[in-house]
**Q** 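First the structure, then my questions, so here it is.
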Amino acid sequence: MQDMILKAVAQPPKIFWGPVLPVALNVGLQFPFMFMAIGLGDVNPLLFIASILLVHGGIVLAGVREPHLSAMIQAFGQTNKVSRNLYVEKGNKFEP
């Protein structure tokens with residue numbers, strides 16, 4: 001049991017050497033734009049393929065510097081909520 005936990009913490013999941021969430025966002029955003037541009041404007045898809053590869057390369061470099069980038073994005077999404085403070089102070093205090 002401990003091996004599975006340590007492996008999951010030490011080696012976060014990757015898609016083509018990049019963190020899962022940013023890579024999925026890249027493909028999930030750029031593919032629909034590519035198909036819309038091809039359908040509406042008769043644009044060459046090689047431009048989008050090159051863009052996808054360049055952005056993926058940047059994501060891989062960011063993933064090398066910070067391997068837990070997906071977990072950081074998920075944690076930011078959960079904590080970036082406006083809370084109502086019970087006490088009058090500046091900023092979010094996350095008090096119940």
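For reference, positions follow the sequence shown, starting with 1. In what follows, every heavy atom counts, from backbone to side chain, and hydrogens, waters and symmetry copies are set aside.
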**Q** Pair up each side-chain donor or acceptor in residues 26-33 with any protein partner under 3.5 Å, not counting sequence neighbours, and list the distances.
**A**
from : atom 1 : to  : atom 2 : distance (Å)
N26  : OD1    : Q30 : NE2    : 2.9
Q30  : OE1    : S51 : OG     : 3.1
Q30  : OE1    : I52 : N      : 3.4

**Q** Quick test of your reading: applying side chain to side chain donor-acceptor pair (under 3.5 Å), list the pairs with at least one residue in residues 35-45, sequence neighbours left out, ordered by first then second residue.
**A**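 Not a single pair qualifies under side chain to side chain donor-acceptor pair (under 3.5 Å).
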**Q** Please say yes or no: joined through hydrophobic side-chain contacts below 4.5 Å, possibly via intermediate residues, are F16 and V23 part of one cluster?
**A**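 The answer is yes; both residues are in one hydrophobic cluster.
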**Q** Side chain to side chain contact (heavy atoms under 4.5 Å, CB included) with A62: which residues, sequence neighbours excluded?
**A**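 Once residues adjacent in sequence are excluded, the partners of A62 under the side chain to side chain contact (heavy atoms under 4.5 Å, CB included) criterion are L69.
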**Q** For residues 55-65, pull every pair meeting side chain to side chain donor-acceptor pair (under 3.5 Å), keeping only residues two or more places apart or in separate chains.
**A**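 Sorted result for residues 55-65: empty, none.
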**Q** Is there a side-chain contact between P67 and P19 (heavy atoms, below 4.5 Å)?
**A**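 The answer is no, as the side chains (C-beta and beyond) never meet within the 4.5 Å cut-off.
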**Q** Flag yes if I59 and I73 sit in one hydrophobic cluster, no otherwise; membership is Ile, Leu, Val, Met, Phe, Trp, Tyr, and two members link when side-chain heavy atoms are under 4.5 Å apart.
**A**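 Per the 4.5 Å side-chain linkage, I59 and I73 are not co-clustered.
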**Q** Of all residues at least two apart in sequence or in a different chain, which pass the side chain to side chain contact (heavy atoms under 4.5 Å, CB included) check with L25?
**A**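 By the side chain to side chain contact (heavy atoms under 4.5 Å, CB included) rule, L25 matches L21.
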**Q** Excluding sequence neighbours, so at least two apart, what forms side chain to side chain contact (heavy atoms under 4.5 Å, CB included) with I49?
**A**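 Testing I49 for side chain to side chain contact (heavy atoms under 4.5 Å, CB included), a comparison that skips the adjacent residues, returns M34, L53.
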